[in-house]
Amino acid sequence: MMMQADVFFIVGESQLFIYDVKSNHIDSITYKGHSFIGASSQVIYDAKRNRLLSYTPDLKDLNIYDFSRQSWTLDTSVVIDTRQHHNRIINRKRDELIVFGGYGNHRYNSQLNRIKLEKSEGWTTTSLDSCIYPRYLSAMGQESDDELLIMGGYGNQSGKQEESPGNFYDLYRLDLQTGKCNKLWEFVNDREHFTFGNSMIVDTLSNSVYALTYNNDRYNTLIYLSRFDIRTKQPVQEVMSDSITYNFLDIHSYCDMFLHKETSSIYAVVLQEKEPGESKVEFYKLAFPPLSKEDILPHQTTGTTLLVLIAAGVFVFICLLGGALWLLRKKKKDTGVIATLADESEENPVKLEVKERKFSSVLLLGGFQVFDKQGCNITGDFTPTLKQLFLFLLLNSVKNEKGTTSQCLDETFWFDMSKSSASNNRNVNIRKLRLIIDKIGDISILNKNGYWYLHLGKEIICDYQEVMKLLNQVKAKNAITDKKVINEIISLASAGALLPNVSAEWIDEYKSAYYVLLTEILLSMVNHPDIQADSRLLLRISDVILLVDNIDEDAIRTKCKVLYQMGQKGLSKQCFDKFCVEYERLLNAKPDFSYDDIINSL
């Protein structure tokens with residue numbers, strides 16, 4: 001089968017969908033083998049050899065799709081989740097696939113991985129963390145045969161998810177020949193946070209890069225095409241297009257764009273998971289180079305038609321697509337839908353669940369975050385004292401519906417003051433707190449019968465409150481085989497530890513109670529025969545347990561066994577080795593069982 005430069009490939013669980021942008025027609029092929037090497041794997045088109053490549057830097061070999069045989073080389077399913085939302089590109093001069101960054105196992109990375117496509121001998125890995133902080137959700141493009149540009153993303157210096165990650169607004173140039181990395185610029189964004197689609201278009205003639213940008217602080221957001229100067233002392237974001245509606249759900253959503261040189265058009269590809277096992281893929285088209293509002297508005301009296309045509313062009317194309325807006329159904333949670341423009345490249349991961357961030361939300365798992373009624377992140381409105389006071393009231397209200405007393409508040413926060421001073425400080429801070437939480441929605445501070453209580457209305461989302469309700473429900477009803485409840489618990493708990501960046505003596509008992517209850521419930525699930533038959537669910541359960549207690553012996557035994565039985569023997573051993581390092585670091589002793597003990601018990 002001949003492939004053309006105006007074709008997208010969308011890989012489903014058992015079918016390859018082929019979308020021709022010229023004819024607006026979709027074909028599908030049922031293939032043999034397995035297309036994905038787990039949720040972190042991506043598919044990219046190798047134009048030189050007319051083949052699709054499914055890959056992950058965690059495995060030595062590429063998984064190759066042969067169009068003539070309609071088959072992948074991989075005949076067994078492999079699941080790996082370590083490089084989600086990474087950047088990738090095929091460098092034609094060097095004939096190699098290049099991968100940068102990504103997220104997995106609650107860590108960001110700044111690794112550069114390269115693999116030769118002619119005679120592959122495995123991946124070479126270079127750490128760029130001395131120049132570029134670990135991140136994902138960044139954009140990457142090729143400036144020349146020997147130079148790459150990497151822009152923005154989300155992460156932090158340590159790479160650990162629990163250590164206050166944030167958005168990056170910077171641009172780097174990487175020399176593939178010398179390995180040298182230089183920061184070209186960085187700016188402080190004092191407006192809404194935004195992050196980037198996977199690829200960027202580098203226009204050296206205009207000294208510009210183009211990338212898709214969107215707000216990653218909310219679920220209901222919009223994608224814009226943005227332009228940035230490469231050589232500048234004052235970098236700014238210049239929005240170049242109308243918006244695309246986008247439901248950002250972290251690793252369950254994906255957007256990318258590609259330049260179709262033949263028609264001088266940009267294609268944006270948007271993937272959004274509608275519900276577990278079902279995703280929607282959309283294509284949008286825009287003429288290149290795009291015009292900014294400043295290019296159009298000065299000529300509005302005579303150029304209204306031009307403005308209308310440009311705006312309508314996008315929507316007319318969407319209407320013409322019609323059949324290109326479809327639902328690709330997948331049975332397996334760890335497989336993704338991948339779209340690839342034949343002469344360019346791209347990827348679409350659909351992976352592990354995370355808590356959906358909605359309007360009027362108070363999130364405590366993975367870090368303290370608060371979103372108001374409009375979906376804006378107002379976490380910064382809380383001073384350290386107000387944050388601790390708010391959390392104290394909230395945690396007490398979830399644990400005990402009648403709340404806490406004034407005396408308890410005074411002894412916790414103003415113990416070194418006189419009774420009158422403490423009372424005055426309490427009242428002042430509660431008034432300030434009420435002004436802030438009023439932005440969130442139906443949430444209020446009440447005082448009933450001498451007890452302070454935080455009331456959360458039905459439309460308020462609090463991940464900690466929800467997960468505690470589910471855990472207590474399972475414990476009371478002994479419903480450890482209800483997979484719907486199990487998945488809801490895992491989805492919530494996988495966001496991270498409870499308030500990892502909040503340190504106070506009073507909070508330790510709440511963290512301990514949460515960890516004990518969560519671990520108790522999940523371990524009881526692991527040992528149930530119905531759950532033991534589901535390898536993927538066992539992996540997810542063990543990952544959540546290790547997230548809250550990275551030296552839990554039962555969880556590491558389960559994880560190593562499952563990975564070994566799934567054929568991921570190397571990854572199984574790596575997980576155990578990492579466990580041993582953490583165990584010895586924390587307890588100054590080695591675990592009293594070996595990897596062989598785990599495997600021999602199978």
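Everything quoted here is computed from the prediction, not taken from an experiment.
A side-chain donor-acceptor contact under 3.5 Å links Thr73 to the backbone of Ile64. The main-chain N or O of Asn377 is never found under 3.5 Å from a side-chain atom of Asp217 such that the two would form a donor-acceptor pair. A side-chain donor-acceptor contact under 3.5 Å links His85 to the backbone of Ser253. Side-chain atoms of Ser110 come within 3.5 Å of backbone atoms of Asp129 as a donor-acceptor pair (strictly under, hydrogens ignored). Within the 3.5 Å criterion, the main-chain N or O of Arg231 finds a donor-acceptor partner in the side chain of Asn207. Although no hydrogens or angles enter the test, the distance criterion places a donor-acceptor pair under 3.5 Å between the side chain of Thr195 and the main chain of Leu137. In this structure, the side chain of Ser494 engages the main chain of Ser491 through a donor-acceptor pair within 3.5 Å. No donor-acceptor distance shorter than 3.5 angstrom exists from the side chain of Trp185 to the backbone of Lys233, with no hydrogens or angles considered. Asn63 places a side-chain N or O within 3.5 Å of a backbone atom of His34 that can act as its donor or acceptor partner. Proximity of a side-chain donor or acceptor of Asn189 to a complementary backbone N or O of Glu192 within less than 3.5 Å is detected.
Residues Glu459 and Phe359 have side chains not in contact (no heavy-atom distance under 4.5 Å, counting atoms from C-beta outward). Residues Lys183 and Leu171 fail the side-chain proximity criterion, which asks for heavy atoms closer than 4.5 Å. Between Phe228 and Pro235, every side-chain heavy-atom pair lies at or beyond the 4.5 Å cut-off. In this structure the side chain of Tyr172 reaches within 4.5 angstrom of the side chain of Cys131, judged on heavy atoms. Here the side chains of His193 and Tyr169 are in contact, with some heavy-atom distance below 4.5 Å. Looking only at side-chain heavy atoms (C-beta outward), Val7 and Val21 stay at 4.5 Å or farther from each other. Contact check for Arg83 versus Pro57: side-chain heavy atoms found under the 4.5 Å cut-off. Trp123 is not listed as a side-chain neighbour of Asp58, based on a closest heavy-atom distance of 4.5 Å or more.
Side-chain atoms of Ser199 and Asp256 include a donor-acceptor pair closer than 3.5 Å. At a cut-off of 3.5 Å, with distance as the only test, no side-chain donor of Ser164 or Asn156 sits close to an acceptor on the other residue. Looking at Asp250 and Tyr136, their side chains do bring a donor and an acceptor atom within 3.5 Å of each other. Side-chain contact, Thr213 with Gln237: a donor N or O sits under 3.5 Å from an acceptor N or O. Gln272 and Glu282 share a side-chain donor-acceptor pair at under 3.5 Å. With hydrogens and angles left out, the side-chain atoms of Ser127 and Gln111 include no donor and acceptor closer than 3.5 Å. Thr125 and Asn113 form a side-chain donor-acceptor contact under 3.5 Å, judged by distance and modelled atom types alone. Inspection of the Ser71 and Asp66 side chains reveals no N or O donor paired with an N or O acceptor under 3.5 Å. When only modelled atom types and interatomic distance are considered, Tyr214 and Asn216 share no side-chain donor-acceptor pair under 3.5 Å.
Residue Lys373 places its NZ atom among more than 12 non-hydrogen atoms of other residues, nucleotides or ligands, all under 6.0 Å distant. The environment of OH in Tyr133 is sparse: at most 12 heavy-atom neighbours from other residues, nucleotides or ligands sit within 6.0 Å. Atom CD of Gln157 sits in a sparse spot, with 12 or fewer heavy atoms from other residues, nucleotides or ligands closer than 6.0 Å.
For the pair Gly441 and Ser360, the tightest heavy-atom approach, listed with the atom from each and the gap, is CA-OG, 4.4 Å. Nearest heavy-atom pair, Asp463 versus Leu365, reported as atom, atom and distance to 0.1 Å: OD2-N, 3.2 Å. Residues Pro134 and Phe168 come closest through the heavy atom pair O-CE1, 3.8 Å. Nearest heavy-atom pair across Tyr210 and Ser206 is OH-OG, 4.5 Å.
Of the residues Lys119, Lys116, Arg114, Arg49, the one that meets the salt bridge (charged side-chain N to carboxylate O under 4.0 Å, His left out) test with Asp95 is Arg49. Across Ile440, Leu363, Thr379, Ile461, a single residue satisfies side chain to side chain contact (heavy atoms under 4.5 Å, CB included) together with Phe371, and that is Leu363.
Atom CG of residue Leu62 and atom CD1 of residue Ile115 lie 4.0 Å apart, to the nearest 0.5 angstrom. Rounding to the nearest 0.5 Å places CE of Met200 at 9.5 Å from CG of Leu148. Here the CD atom belonging to Glu147 is positioned 7.5 Å from the CG atom belonging to Leu149, to the nearest 0.5 angstrom. The structure places OG of Ser361 at 10.0 Å from CG of Asp372, a figure rounded to the nearest 0.5 Å. Rounded to the nearest 0.5 Å, atoms OH (Tyr55) and CG (Leu74) are 15.5 Å apart. Between atom CZ of residue Arg92 and atom CD1 of residue Ile90 there is a gap of 8.5 Å, rounded to the nearest 0.5 Å.
A salt bridge links Asp46 to Arg51: one of the charged nitrogens lies within less than 4.0 Å of a carboxylate oxygen. We find that Lys439 and Asp381 are joined by a salt bridge, their nearest charged nitrogen and carboxylate oxygen being less than 4.0 Å apart. Taking the charged nitrogens against the carboxylate oxygens, Asp229 and Arg227 do have a contact shorter than 4.0 Å, which makes a salt bridge. Ion pairing of Asp146 with Lys93 is present here, as a side-chain N (NZ or NE/NH1/NH2) and a carboxylate O approach within less than 4.0 Å.
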**Request:** Before giving the answer on side chain to side chain contact (heavy atoms under 4.5 Å, CB included), spell out for Val99 and Asn87 the whole-Å C-alpha distance, their side-chain angles and the decisive distance to 0.1 Å.
**Result:** CA-CA 6 Å; Val99 174; Asn87 304 108; over 6 Å; no
**Item:** side chain to side chain contact (heavy atoms under 4.5 Å, CB included) evaluation trace for Leu184 with Ile230
**Value:** CA-CA 8 Å; Leu184 302 182; Ile230 300 174; 4.0 Å; yes
**Item:** Criterion side chain to side chain contact (heavy atoms under 4.5 Å, CB included) on Arg107 and Gln161, from CA distance to verdict
**Value:** CA-CA 5 Å; Arg107 294 188 67 90; Gln161 179 183 334; over 6 Å; no
**Request:** Step by step, work out the ring pair (Phe, Tyr, Trp, His ring centres under 6.0 Å) result for Tyr103 and Tyr154.
**Result:** CA-CA 10 Å; Tyr103 165 84; Tyr154 186 84; 9.2 Å; no
**Message:** For Ile201 and Met257: C-alpha separation, side-chain torsions, deciding distance, then whether side chain to side chain contact (heavy atoms under 4.5 Å, CB included) applies.
**Reply:** CA-CA 8 Å; Ile201 296 171; Met257 70 171 183; 3.8 Å; yes
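The aromatic rings of Tyr246 and Phe248 are tilted relative to each other, their planes meeting at an angle between 30° and 60°.
Between Tyr19 and Phe9, a ring centre-to-centre spacing not shorter than 6.0 Å is recorded. The six-membered or imidazole ring of Tyr267 lies away from that of Tyr284, with a centre-to-centre distance of 6.0 Å or more. Ring centroids of Phe283 and Phe8 are separated by less than 6.0 Å, placing the two rings close together. Remark: aromatic rings of Tyr65 and Phe67 are close, center separation under 6.0 Å.
Judged by the 6.0 Å and 45° rule, Arg135 forms no cation-pi pair with Tyr108.
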